[in-house]
Protein chains: 2
Amino acid sequence: MSARNRPARENGSERRAELLAIAGELFATRGFLATTVRDIADAAGILSGSLYHHFDSKEAMVDEILREFLDDQRQANAKIIEEAEDPRTALTELIKRSYAALRQHPAAIAIFQNEANYLAQFERFDYLPGVADEFEKTWLKVLQEGQKSGVFREDLNAKLTYRFIRDTVWTTVHWFNPSGKLSIKSIADQYINILCDGIVTR
Amino acid sequence: MSARNRPARENGSERRAELLAIAGELFATRGFLATTVRDIADAAGILSGSLYHHFDSKEAMVDEILREFLDDQRQANAKIIEEAEDPRTALTELIKRSYAALRQHPAAIAIFQNEANYLAQFERFDYLPGVADEFEKTWLKVLQEGQKSGVFREDLNAKLTYRFIRDTVWTTVHWFNPSGKLSIKSIADQYINILCDGIVTR
DNA sequence: GTCTATACTTTGATAGAC
DNA sequence: GTCTATCAAAGTATAGAC
């Protein structure tokens, strides 16, 4: 079946992608529940009923946004783990990659951060807890290997350390301003710096 | 006017406090919008209409929850700043205090974290951005004084450092489990440890 | 691909009896 | 302090014309 004849409902017409981006923006800034299908339609300059020509439901929209981002991130993580030569490099690369994602998928990250908990209650989003778990495993492995090899302090609780890192990195999406003074790169560098060496002078 | 004759609508009967706690729990775990007045009433074993004997609206409920917590935290911060003898002590005390609040006001913290952005759009919650600002000023002052006096590294962006700390500390509310293995104290200690000295061995 | 029109459901809130 | 009864508004979604 050619892309031309494929029904828009199934996937990618340009208009469809446009609508999805608009919806994502709104879900990210206002929240999923606070965004009505009329809000999305208004922002797109059409009427709410017209959205249903492209998507089955509001849930279907957010579902698609999340899947795309999560697949991307998962692949990127796997590649880093595979290629990194030592735990410290792996860790800093994971952090850099996460910050880079802030520029590529800001809406999806905000939605994942803010709504995963709520969405997980619906069957359709059964995959969410699994993905979060997989992410945790990836980071934990790096941290633990680093402890074994002696680059990371052994007295730290790896799970706790992972959570601290994750919280700091992802929550950045709530205040990061792409047109502000701080670049993603400088934020990432500074965080890696603090995380590795601490804020106290020696 | 005695407490006995004071209308429940105005403030503190026992039942009222109970209902507020139930609502707070739901707001915190499910989200403000996802929690209906019927959910709250169900959880309390009454009908939704009965809630309006105690509170003017759903918004009034969350408003009261937030104000109580924020006042508390503000006072605590002021006291720490006043009493701490040096920036490093002040910083660790601020962090410890924030973690301690996680035990005392878990629901309010989660709500503040998750819903402040949404709520700020309503006049009633005009005070929220101001409070966040005040918190930031308090922490910034400590960090900057520490940089001046040489305890904290001068090459760090204080504002950025504050955000890293704030995000890590407050976001803990999303995964902290009071009946889990990790105590609040051990989480706080470990975080202070990482923040000050980093995760890399030397 | 969008519009018109509209059905259906959920939700926050009110009035008055008990 | 709670219940019964009920509203009005807002929300998601559908059907069929254009």
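By convention in this document, chain letters (A, B, ...) are assigned in the order of the sequence lines, proteins followed by strands, and residues within each chain are numbered from 1.
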d(CZ, B/Phe55; C1', D/dT2) in whole Å: 15 Å
All side-chain hydrogen bond (donor to acceptor under 3.5 Å, both in side chains) counterparts of B/Asp126, not counting sequence neighbours: none
Distance in angstrom units between A/Leu51 CG and C/dG1 C1', rounded: 11 Å
B/Thr36: side-chain hydrogen bond (donor to acceptor under 3.5 Å, both in side chains) partners, not counting sequence neighbours: B/Asp39
Aromatic ring pairing B/Phe135/B/Phe112, orientation class (parallel under 30°, perpendicular over 60°, tilted between): perpendicular
Any residue meeting side-chain hydrogen bond (donor to acceptor under 3.5 Å, both in side chains) with B/Asn193, in chain and number order, not counting sequence neighbours: A/Arg153
Whole-Å distance separating the CG atom of B/Asp56 from the P atom of C/dA13: 9 Å
side-chain hydrogen bond (donor to acceptor under 3.5 Å, both in side chains) against B/Arg103, all qualifying residues, sequence neighbours excluded: none
Rounded distance (Å) that lies between atom P of D/dA15 and atom CG of A/Leu47: 18 Å
Closest nucleotide among C/dG1, D/dG1, C/dA13 to the A/Ser13 side chain: C/dG1
Five-pair end axes of the helix from C/dG1-D/dC18 to C/dC18-D/dG1 and the angle they enclose, rounded to 10°: 20°
A/Arg15, nearest nucleotide to its side chain (from D/dA13, C/dT4, C/dG1): C/dG1
Nearest-angstrom distance from the residue atom NZ of A/Lys58 to P of D/dT14: 15 Å
Results of side chain to side chain contact (heavy atoms under 4.5 Å, CB included) for A/Ala84 - residues two or more places apart only: A/Ala90
Atom CD of A/Glu25: over 12 foreign heavy atoms under 6.0 Å: no
Selection: residues 25-46 of chain A, any non-hydrogen atom under 4.0 Å of DNA chain D: A/Thr35, A/Thr36, A/Val37, A/Arg38
Within residues 17-39 of chain B or reaching into it, pairs that qualify as ring pair (Phe, Tyr, Trp, His ring centres under 6.0 Å) - sequence neighbours excluded: B/Phe27-B/Phe32
All ring pair (Phe, Tyr, Trp, His ring centres under 6.0 Å) counterparts of A/Tyr99, not counting sequence neighbours: none
Distance below 4.0 Å between B/His53 side-chain N/O and D/dG1 OP1 or OP2: yes
Length of the NE2-C1' vector between B/His54 and C/dG12, whole Å: 17 Å
Proximal nucleotide (of D/dA13, D/dG1, C/dT2) relative to the A/Ser50 side chain: C/dT2
Given D/dA13, D/dT2, C/dT4, the nucleotide with the shortest approach to the side chain of A/Tyr52: D/dA13
Atom pair distance, as rounded to whole Å: CD in B/Glu59 and P in C/dG12: 11 Å
